[in-house]
There are 2 protein chains.
Amino acid sequence: MSDLLERLRGRGWRMTSQRRVVAEVLDGEHVHLTADEVHVRAAAKLPEISRATVYNTLGELVSLGEVIEVSTDGRAKRYDPNAHRPHQHLVCSGCGAIRDVRPQGNPLSDLPAEERYGFTVEAVEVTYRGVCPSCSA
Amino acid sequence: MSDLLERLRGRGWRMTSQRRVVAEVLDGEHVHLTADEVHVRAAAKLPEISRATVYNTLGELVSLGEVIEVSTDGRAKRYDPNAHRPHQHLVCSGCGAIRDVRPQGNPLSDLPAEERYGFTVEAVEVTYRGVCPSCSA
DNA sequence: TCTTGACTTGGACTCTGTCCATTGTAGGAT
DNA sequence: ATCCTACAATGGACAGAGTCCAAGTCAAGA
């Protein structure tokens, strides 16, 4: 995560305690927190941090390509720091848990030219839905 | 669409003018309206129809498997009546337009057993993102 | 240390969707 | 054709997620 901070500083990001705390909260794999969860965890380290700042910071991290925004359920968006390792998501219909997974093959190539209708296709998101072990038990 | 109404009646759906109007609004291919858009169009035919009824009806159509709920952007959900023809979505990052597309291959089979982590995988959603012709012009 | 433009704050506001008590009505029963 | 009643519609209050903005604060270069 410190390399993330370095990278951001290198891009002219002004380093504030708020931004540092948000970045720290987002560290790790299989992290898929909502903005509100990020706020709660950030506030545990830095009580004065505001919701607006958390939203701003998350938005910037997304624009910078350091974090991926995931909306699997039409409810709160989730923020996934695992942005530099292409992956898909496996979502539990029961509890909403999310796992990062790595399918085989490249789904982009599954969309033939005649199905592109003049679009410049840049990315593909794949969400597998199912029931996780604890929910099916 | 009248077969839809027939099917619903056959399942014990009480046919009201409100439900009929909502079903009519959702007729067609490449239809991906938000609940609010459905309400506006329905109200053009039946001015007294309430938002709550539109939400209720859409929810029922989704439960019945006649309409698919799509949330591509974390904003308003969209409702896709093309439920009986499996397909994926191609979304324009510029204007948000959605096209139904039919990729080759079966993405479900791209998730090998060792990447399922004990989940019972039931479905997969694929969203291609790109820029549509009018936005790239 | 000073300065300044970028950052943060918090509260009001918007948008999307849900809830619920009340009123209305579709469609089977008579 | 009319009556009943369970199911459906209404609309207004409410809730959750996110945005906006004017005022105050501060990181970091000079």
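Here is how names work: the chains are called A, B, and so on, in the same order as the sequence lines, proteins then strands, and each is numbered from 1.
The shortest distance between the side-chain N/O atoms of B:T16 and the OP1/OP2 oxygens of C:dA26 is not below 4.0 Å. Contact check, B:Q18 against C:dG24: no side-chain N or O comes under 4.0 Å of OP1 or OP2. At the phosphate of C:dT18, neither OP1 nor OP2 sits under 4.0 Å from any side-chain N or O atom of B:Y55.
Atom P of nucleotide C:dC7 and atom CZ of A:R14 are separated by 6 Å, given to the nearest angstrom. Rounding to whole angstrom units, CH2 of residue A:W13 and C1' of D:dC26 are separated by 16 Å. Residue A:R9 contributes atom CZ, which lies 14 Å from atom P of C:dC7 at whole-angstrom precision.
Taking the side chain as every heavy atom from C-beta outward, B:Q88 and B:E125 never approach each other to under 4.5 Å.
Residue contacts for B:R51: at a heavy-atom cut-off of 4.0 Å it reaches a base atom on one of the strands shown.
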Under 3.5 Å, which donor-acceptor pairs do the side chains of residues 67-79 of chain A form with other protein atoms, sequence neighbours left out?
from	atom 1	to	atom 2	distance (Å)
A:D73	OD1	A:R75	N	3.0
A:R78	NH1	A:H32	O	2.7
A:R78	NH1	A:E37	OE1	3.4

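If you check residues 67-78 of chain B against DNA chain D, you find no residue with a heavy atom closer than 4.0 Å.
Applying the 6.0 Å contact sphere to CZ of A:R85 captures no more than 12 heavy atoms from other residues, nucleotides or ligands. Heavy atoms of other residues, nucleotides or ligands lying less than 6.0 angstrom from CZ of A:R41 number 12 at most.
Side chains of B:R99 and B:H30: a donor-acceptor N/O pair is present below 3.5 angstrom, by distance only.
Ranking D:dA9, C:dT9, D:dT10 by closeness to the B:R19 side chain, first place goes to D:dA9.
Pairs passing the ring pair (Phe, Tyr, Trp, His ring centres under 6.0 Å) check and including a residue from residues 105-137 of chain A, sequence neighbours excluded, do not occur.
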